[in-house]
Amino acid sequence: MTPGSIAMLENIRFDPGEAANDPALAEDLAALADVFVNDAFGAAHRAHASTEGVAHHLPALAGLLMEKELVALGGALQTPERPFTAIVGGAKVSDKIAMLDRLVSLVDTLIIGGGMAATFLAAQGHRVGASILEEDRMEYARGLLSGAHRGSAQVLAPTDVVVANAFSENAKTKLVSVDDIPDDWLVLDIGPRTADAYCRAVSASRTVLWNGPMGVFEWETFSGGTRKVAEAIADLHGTATTVTGGGSTSEAVSRLGLTSRISHDSTGGGATLAFIEGKVLPGVAALMDE
Ligand SMILES: Nc1ncnc2c1ncn2[C@@H]1O[C@H](COP(=O)(O)OP(=O)(O)O)[C@@H](O)[C@H]1O
Ligand SMILES: O=C(OP(=O)(O)O)[C@H](O)COP(=O)(O)O
């Protein structure tokens with residue numbers, strides 16, 4: 001290579017030494033350069049040769065995107081302006097339990113939506129039909145709702161939902177109170193009364209963190225709750241700090257054309273989740289080591 005030139009390497013995940021954090025591969029990578037700048041926040045939760053190993057052989061610095069992510073996510077979690085509201089959705093409680101645990105001790109209001117809301121509704125004693133129900137998480141959900149695991153945070157769960165008679169874009173749908181979910185039907189979105197309550201909490205906030213859609217937003221019929229919440233967050237533009245994270249959440253925000261009205265739309269999925277959970281990100285820790 002000549003000074004001023006750029007070499008772009010093949011996707012390093014094709015090399016088995018990458019995920020194994022093979023010291024020989026890390027040394028080979030380090031031999032290519034004088035300085036290591038890591039801008040891959042999205043992979044920082046992996047202790048791989050190109051994210052962690054290489055950092056021990058060279059002066060290792062955070063890139064501009066890495067810095068932006070850490071400042072935005074760290075700021076929201078450590079020094080939030082209050083009221084601080086977190087919105088958590090997505091398919092499964094089990095994916096988000098560590099995040100819920102951390103957030104509930106930090107926020108003023110924790111909003112529950114998405115497929116995981118069914119487990120919370122069941123924990124409140126509602127029948128949830130054929131919805132995804134994680135029975136082994138019901139006790140946890142009950143504790144979160146009743147205050148056993150939370151400080152002073154208010155936890156909001158749906159009061160009305162859009163249900164469908166099949167997990168299909170073209171299924172029959174109904175809007176029902178959470179007291180009236182028919183047997184064999186599935187909860188696929190929050191209802192308008194719930195969305196309005198969630199939007200009111202969002203509108204009163206000075207910091208909002210959102211991970212996980214409110215429904216199966218990929219299908220128009222079940223996208224209403226996600227859209228309303230996304231719009232309420234975007235409407236805070238200029239008056240509050242808003243942070244979105246997670247592949248599907250970012251996709252929903254982007255489809256609605258709202259990304260530019262969010263203070264920080266994180267590029268990480270797993271990395272953002274790990275950061276919110278309070279885990280050490282090996283790719284970041286290695287930079288700090290040097
Ligand atoms: N009520 C629901 N039933 C089934 N799946 C749902 C429901 N609500 C949301 N989802 C699905 O959850 C997925 C996103 O969840 P998740 O991966 O946790 O989000 P993110 O990628 O933003 O972290 C989406 O594909 C969405 O369709
Ligand atoms: O796409 C990525 O992250 P994401 O799917 O968590 O957003 C990164 O490449 C890390 O993915 P990984 O979960 O395969 O390590």
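Whatever order the structure lists them in is the order used to number ligands and atoms, beginning at 1.
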Next item on the list: For ligand 1, note which part of D95 has a heavy atom under 4.0 Å away: side chain, backbone, both or neither.
Entry: neither

Next item on the list: Could you tell me whether the side chains of E52 and N21 share a donor-acceptor contact shorter than 3.5 Å?
Entry: yes

Next item on the list: If you have a sec, work out which protein heavy atom is nearest atom 9 (C) of ligand 1 and how many Å separate them, to one decimal?
Entry: G215 O, 3.1 Å

Next item on the list: Report yes or no: does G42 have a heavy atom closer than 4.0 Å to ligand 2?
Entry: yes

Margin query: Between E18 and S50 (side chain of the first, backbone of the second, donor and acceptor by atom type, cut-off under 3.5 Å), is there such a pair?
Written below: yes

Notebook entry, point to check: Would the number of heavy atoms belonging to other residues, nucleotides or ligands and lying under 6.0 Å from CG of D34 be above 12?
Noted result: no

Checklist line | R46 neighbourhood, listing ligand 2 atoms whose heavy-atom distance to it stays under 4.0 Å | finding: 12 (P), 13 (O), 15 (O)

Item checked: G270 N/O under 3.5 Å from ligand 2 N/O -> yes

Margin query: So for ligand 1, is S248 a polar contact partner (N or O within less than 3.5 Å, distance only)?
Written below: yes

Item checked: atom 12 (O) of ligand 1 [closest protein heavy-atom partner, distance rounded to 0.1 Å] -> A91 N, 3.2 Å

Check: When only distance counts, is V187 in polar contact with ligand 1, meaning an N/O pair under 3.5 Å?
Finding: yes

Item checked: Numbering as shown, the atoms of ligand 1 that approach T249 to under 4.0 Å (heavy-atom distance) -> 20 (P), 22 (O)

Notebook entry, point to check: Is the distance between the ring centroids of F167 and W185 under 6.0 Å?
Noted result: no

Item checked: Minimum heavy-atom distance between D108 and R82, given as atom pair plus value -> OD2-NH1, 3.1 Å

Check: Taking all atoms of both residues into account, what is the closest heavy-atom pair of A166 and L186, and its distance?
Finding: C-CD1, 3.6 Å

Next item on the list: Looking only at protein heavy atoms, identify the closest one to atom 7 (O) of ligand 2 and say how far it is in Å.
Entry: G269 N, 3.1 Å

Next item on the list: Among all protein heavy atoms, pick out the one at the shortest distance from atom 9 (O) of ligand 2; state its residue, atom name and that distance to 0.1 Å.
Entry: R13 NH2, 4.4 Å

Check: Short check: is a protein heavy atom less than 4.0 Å from atom 5 (O) of ligand 2?
Finding: no

Note to self: If you measure every N or O of G247 against every N or O of ligand 1, does any of those distances drop under 3.5 Å?
What the structure shows: yes

Check: Among all protein non-hydrogen atoms, which one is nearest to atom 27 (O) of ligand 1, and what is the separation to 0.1 Å?
Finding: E218 OE1, 2.7 Å

Next item on the list: Check step by step if salt bridge (Lys or Arg N to Asp or Glu O under 4.0 Å) holds for R127 and D180.
Entry: CA-CA 8 Å; R127 298 164 69 96; D180 299 316; over 6 Å; no

Notebook entry, point to check: Relative to the heavy atoms of I132, which atoms of ligand 1 are at a distance of less than 4.0 Å?
Noted result: 4 (C)

Next item on the list: Output yes when the distance from some N or O of ligand 1 to some N or O of G115 is under 3.5 Å, and no in every other case.
Entry: yes

Checklist line | D160 versus S177, side-chain donor and acceptor atoms under 3.5 Å | finding: no

Next item on the list: Looking only at protein heavy atoms, identify the closest one to atom 5 (N) of ligand 1 and say how far it is in Å.
Entry: V216 CG2, 3.7 Å

Item checked: Donor-acceptor contact present, side-chain T194 to main-chain T159, <3.5 Å -> yes

Check: Are any of the N/O atoms in K96 less than 3.5 Å from those in ligand 1?
Finding: yes

Next item on the list: Compare every heavy atom of I132 with every heavy atom of A118, then report the nearest pair and how far apart it is.
Entry: CB-O, 3.4 Å

Item checked: Salt-bridge criterion met for E231 and K228 (N-O under 4.0 Å) -> no

Check: Can you tell me if N165 uses its side chain to pair, donor with acceptor, with the backbone of K172 under 3.5 Å?
Finding: yes

Notebook entry, point to check: Considering only protein heavy atoms, which is closest to atom 15 (O) of ligand 1, and at what distance to one decimal place?
Noted result: G90 CA, 3.2 Å

Next item on the list: Could you tell me whether T267 and ligand 2 have an N or O pair separated by under 3.5 Å?
Entry: no

Notebook entry, point to check: Given the protein's heavy atoms, is any one of them under 4.0 Å from atom 14 (O) of ligand 2?
Noted result: yes

Notebook entry, point to check: In terms of atom number and element, which parts of ligand 1 are under 4.0 angstrom from non-hydrogen atoms of L188?
Noted result: 1 (N), 3 (N)

Next item on the list: Check whether the side chains of T249 and N211 place a donor and an acceptor atom closer than 3.5 Å, and report yes or no.
Entry: no

